[in-house]
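For reference, the structure discussed in these notes is given below.
Naming convention: chains lettered A, B, ... in sequence-line order (proteins, then strands); numbering from 1 in each chain. Because the structure is predicted, anything quoted here is derived from the model rather than measured.
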2 protein chains.
Amino acid sequence: MDLTDTPDLAYDVFSRTCPSRGTLEHVTGRWGALTLSALAAPEGSLRFNELRRRVDGVSEKMLSQTLQALERDGLVHRDAQPTNPPRVDYELTPLGREVAERLLALIHFVEGRMDEVLGARERYDVTRGCR
Amino acid sequence: MDLTDTPDLAYDVFSRTCPSRGTLEHVTGRWGALTLSALAAPEGSLRFNELRRRVDGVSEKMLSQTLQALERDGLVHRDAQPTNPPRVDYELTPLGREVAERLLALIHFVEGRMDEVLGARERYDVTRGCR
DNA sequence: CAGGATCCTTAGAGATACTG
DNA sequence: CAGTATCTCTAAGGATCCTG
């Protein structure tokens, strides 16, 4: 084993220039997180407009951009049938599924603790609201 | 067990108006995620400028805003000594620590798979780059 | 149906200067 | 040291129209 250099710490999100920051932003961004979560549903595979309905509030443009970024990062697989009308199915790749798992653990935890969060907010606003 | 209504699903991030979306954005946002991660370090407690140095690239303004949002959500505790010069320490609350745990699981997973991601990107750019 | 192309708006972000 | 205040400006995001 050679430990003179640090090849295993190649990617550090704390560094401004690390590409992992970009990927993390795709994954955790407003629409990225919801899109991955939607695709993690049991159905496994969803069409463009199905996704759009699930991800409440997303525009066509943002969903399209989000899906492209996730596909480029190898987290989402895009299956386009050259039929008319066109039919395109999106599903998670194996890597994407592992990412989504961890993402959902975070999301569900936050959802489950929202009462605490909301309580903390009220307390904060009462004490510091008088600024 | 009564399953006729769904009171336990009170917070659903898929809904445009759910407050959990806001909290999730504080947690997963560019600076929120890095700030929580930095505070999850073994030291436990960090001062403003220590944080600023760890979170490479953050401005005073954004760090300040981020910390306020996280404090308001009850994830970060702020301890200000009214001395001169002032000294303020930030640390995770118990709830914040649980959130950070799950967040770090996601971050470390992504960091560990960046080679795959970068490989996928190259393949994507080669095949679709010709647009 | 799945998205590309366009235009438009504004909130988020950075830089700087100032203060207790 | 730990912020706040102010300014500027870009780029994310939304709405709309269009096409294979």
Set of residues satisfying side chain to side chain contact (heavy atoms under 4.5 Å, CB included) with respect to T83(A), sequence neighbours excluded:
Q81(A), R87(A)

Residues at least two apart in sequence or cross-chain that pass side chain to side chain contact (heavy atoms under 4.5 Å, CB included) with P19(B), listed by chain then number, are M114(A), L118(A), Y11(B)

Taking only heavy atoms on the protein side, list every residue of residues 83-90 of chain B lying under 4.0 Å from any atom of DNA chain D, sorted numerically.
P85(B), P86(B), V88(B), Y90(B)

Listed partners of R72(B) passing salt bridge (Lys or Arg N to Asp or Glu O under 4.0 Å), at least two apart
D125(A)

With a 3.5 Å cut-off and sequence neighbours excluded, list the donor-acceptor pairs that the side chains of residues 21-29 of chain A form with protein atoms.
residue : atom : partner : partner atom : Å
R21(A)  : NE   : V13(A)  : O            : 2.8
R21(A)  : NH1  : D56(B)  : O            : 3.3
R21(A)  : NH2  : F14(A)  : O            : 3.1
R21(A)  : NH2  : D56(B)  : O            : 2.8
T23(A)  : OG1  : R121(B) : NH2          : 2.8
H26(A)  : ND1  : D73(A)  : OD2          : 2.6
T28(A)  : OG1  : L24(A)  : O            : 2.7
T28(A)  : OG1  : T28(B)  : O            : 3.1

Could you tell me which residues satisfy side chain to side chain contact (heavy atoms under 4.5 Å, CB included) with A100(B), sequence neighbours excluded, listed by chain and number?
A40(B), L92(B)

Contact check, side chains of L63(A) and W31(A), non-hydrogen atoms, under 4.5 Å
no

Taking atom P of dG3(C) as reference, at what distance in whole Å does atom CG of D79(A) sit?
11 Å

Side chain of R30(B) (C-beta onward), nearest among dA13(C), dG4(C), dG3(C)
dA13(C)

For E111(A), the salt bridge (Lys or Arg N to Asp or Glu O under 4.0 Å) test, sequence neighbours excluded, returns none

I107(A) vs L34(A) side-chain heavy atoms within contact, under 4.5 Å:
no

Pairs under 3.5 angstrom only: tabulate donor-acceptor contacts from the side chains of residues 45-53 of chain B to other protein residues two or more places apart or in another chain.
residue : atom : partner : partner atom : Å
S45(B)  : OG   : D89(B)  : OD1          : 3.4
E50(B)  : OE1  : R47(B)  : N            : 2.8
R52(B)  : NH1  : V58(B)  : O            : 3.0

Which residues pass the side chain to side chain contact (heavy atoms under 4.5 Å, CB included) test with E122(A), not counting sequence neighbours?
none

Close residues, residues 36-65 of chain A, relative to DNA chain C [heavy-atom separation under 4.0 Å]:
R47(A), F48(A), N49(A), E60(A), K61(A), S64(A)

How long is the line joining CD of E25(B) and C1' of dG13(D), in whole Å?
12 Å

Filter on salt bridge (Lys or Arg N to Asp or Glu O under 4.0 Å), then keep only pairs touching residues 34-43 of chain B, sequence neighbours left out; what's left?
E43(B)-R54(B)

Nearest-angstrom distance from the residue atom CD of Q81(A) to P of dG3(C)
12 Å

Nearest-Å distance for atom pair CG/P, residues L70(A) and dG3(C)
14 Å

Between its two end axes (five pairs each) the helix from dC1(C)-dG20(D) to dG20(C)-dC1(D) turns, nearest 10 degrees, through 60°

Would you kindly give the CG-to-P distance between L67(B) and dA2(D), to the nearest whole Å?
11 Å

